[in-house]
Amino acid sequence: MEIPQFLESQEHEAVDKSAQKVSILPSDAIKEKEAGPPHEALFLILTYLPLFELLAMNQVCTTLRDAVNKDVLSWLNIMVEKPLSLKLSDAILMKLTSKANGRLRSLALMKCAKITDNGLQQVVEQNPLINKLYLPACTGLTPEGVIQAVKTLSEHGHCLKSIMINGIYNINKRHLETLRSYLDEMNLDTKKEQPGSCPLLFLEYMDSPTLRHDKGHTTIDLEVCPKCDEVRMVFDCPRWACKRMLERSVTECRGCKFCILRCLECGGCVDCQGIEEAVCGDILCSDCWLRLPKCNFCNKPYCKQHSDNKCCTSGSTGFVCEVCYAKYIVNWPSIVDYVDF
């Protein structure tokens, strides 16, 4: 009985000594190290950040906030996408573009329905050096408002090189001709150097709609469809045989998306006999339908835009589409009740 009591007394003495050592340590040694200023490398990447990340960086600390607000280079090219496009108003747009100090070069408003003609006009008046103006699906704008903005840029800056207005309502041939006249006047030298333009492919536009003008396309994204004679986006076909016909000025498969059915996987034209359907309901050509992986139940593929909706089940190869997953796997107990074994 004496040995356990001795060991217990030794443990208490060891604990007391360690507590004394901790108590005599200086307070600076146990204090957490205070956070220092941001690394200098962070200031070098501000120019390359998208708008959403740039605004988030503005809320990190006062040092980064001051750097973001004072760095004009970070605000020369503004692109507003989802989810910011849903809340962007004229007042917020003016606040954002004012950070460029009148040196704004490109403005891309993707599906910003709350922007009005008055807000756009104020922006172009304060930023006459805009050379790219992208306004797809900005349904709050009117054709007259867009024409007034382009006219203002032609009078002051003479810098506008390209414009995107697909999705703005009620644009007719007269509006299109007026816009082209202003754009041609501002791009006389460019047209002499580059008389031709690259074909516009449907798949290329779906992947990166704002980069199409950087590859030598026309200055405006709309034209008169040769099939329906309406002002819409007109796409060319990437198929080799169709390219040969285009070289011979044969335009059987050149037209808007309403006149020419196109495969959502490759962008090629699809005739009525070669139409295949994906799980998501999109149109596929026969070649793309054959090479894409299929659902284990319905034998239908996904297009690449909706391929993330695949459901993978444990213990089986391949995948199950969301429709079959909800129909057969989730409701499997109710199905078994109706089966007579």
Side-chain angles (χ1 to χ4, degrees), residues 46-47 50-52 54-55 58 68-81 84-172 174-191 209-210 212-214 218-222 231:
L46 294 178
T47 308
L51 180 61
F52 187 83
L54 193 63
L55 295 176
N58 193 29
V68 169
N69 292 332
K70 295 178 181 179
D71 187 12
V72 179
L73 295 178
S74 302
W75 302 96
L76 295 183
N77 303 287
I78 296 178
M79 177 185 291
V80 183
E81 299 177 292
L84 298 179
S85 59
L86 302 175
K87 300 181 179 180
L88 186 69
S89 62
D90 291 343
I92 298 176
L93 180 61
M94 285 296 301
K95 187 175 181 179
L96 291 176
T97 54
S98 64
K99 296 180 182 294
N101 294 335
R103 296 165 55 188
L104 184 65
R105 297 301 176 89
S106 65
L107 178 63
L109 306 179
M110 315 302 290
K111 300 181 179 180
C112 299
K114 295 183 179 181
I115 300 301
T116 64
D117 295 341
N118 185 34
L120 179 63
Q121 184 64 26
Q122 291 181 9
V123 170
V124 298
E125 288 177 355
Q126 296 184 7
N127 298 273
L129 300 179
I130 294 177
N131 55 34
K132 295 179 183 179
L133 186 61
Y134 299 154
L135 310 168
C138 291
T139 54
L141 298 174
T142 64
E144 291 76 15
V146 175
I147 291 174
Q148 183 62 35
V150 174
K151 181 181 179 181
T152 302
L153 292 175
S154 65
E155 293 173 351
H156 295 88
H158 297 278
C159 298
L160 187 61
K161 296 180 180 179
S162 60
I163 183 173
M164 292 179 64
I165 54 176
N166 181 47
I168 296 178
Y169 298 141
N170 302 322
I171 297 180
N172 55 35
R174 180 176 57 84
H175 298 139
L176 186 62
E177 292 174 359
T178 304
L179 288 172
R180 279 180 175 172
S181 64
Y182 288 125
L183 290 169
D184 291 342
E185 181 181 352
M186 288 184 283
N187 294 276
L188 290 175
D189 298 334
T190 307
K191 287 189 69 176
T210 58
R212 59 179 299 272
H213 293 289
D214 297 333
T218 55
T219 55
I220 188 169
D221 59 340
L222 297 181
V231 178

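When reading the values below, keep in mind they use all heavy atoms of this one structure, side chains included, and skip hydrogens, waters and symmetry mates.
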Self-check item: Intermediate values then yes/no, side chain to side chain contact (heavy atoms under 4.5 Å, CB included), N131 and L160
Solution: CA-CA 4 Å; N131 55 34; L160 187 61; 5.6 Å; no
Exercise. Tell me, please, which residues at least two apart from N166 pass side-chain contact (heavy atoms from CB on, under 4.5 Å).
Key: Y205, D221, L222, M233
Quiz item: What residues form a side-chain contact (heavy atoms from CB on, under 4.5 Å) with I92, not counting sequence neighbours?
Solution: L88, S89, L96
Do you know which two heavy atoms are closest between [X] and [Y], and how far apart they sit?
X	Y	result
C112	S85	SG-CB, 3.6 Å
P128	G102	CD-O, 4.0 Å
I130	V124	CD1-CG1, 4.3 Å

Gap between atom [atom2] of [Y] and atom [atom1] of [X] - 0.5 Å precision:
X	Y	atom1	atom2	result
K87	K114	NZ	NZ	8.5 Å
S106	K161	OG	NZ	11.5 Å
I165	L176	CD1	CG	7.0 Å
I168	T139	CD1	OG1	9.0 Å
D90	L120	CG	CG	9.0 Å
I171	L179	CD1	CG	7.5 Å

Quiz item: Should I163 and V146 count as side-chain neighbours, where that means a heavy-atom distance under 4.5 Å?
Solution: yes
Quiz item: If we only count heavy atoms from C-beta on, is the K111 to E81 side-chain gap below 4.5 Å?
Solution: no
Quiz item: Step by step, would you call Y182 with L153 a side chain to side chain contact (heavy atoms under 4.5 Å, CB included)?
Solution: CA-CA 9 Å; Y182 288 125; L153 292 175; over 6 Å; no
Quiz item: Distance-only, no hydrogens or angles: does the D117 side chain make a donor-acceptor pair with backbone N or O of T142 under 3.5 Å?
Solution: yes
Exercise. Provide the full list of side chain to side chain donor-acceptor pair (under 3.5 Å) pairs with a residue in residues 95-105, sequence neighbours left out, each pair given once.
Key: N69-K99
Quiz prompt | Criterion side chain to side chain contact (heavy atoms under 4.5 Å, CB included) on S162 and Y134, from CA distance to verdict | solution = CA-CA 8 Å; S162 60; Y134 299 154; 3.4 Å; yes
Exercise. For the pair L109 and L141, evaluate side chain to side chain contact (heavy atoms under 4.5 Å, CB included) and give the outcome as yes or no after the intermediate values.
Key: CA-CA 11 Å; L109 306 179; L141 298 174; 6.0 Å; no
Quiz item: Q121 and E125: side chain to side chain donor-acceptor pair (under 3.5 Å), yes or no, with the steps?
Solution: CA-CA 6 Å; Q121 184 64 26; E125 288 177 355; 3.1 Å; yes
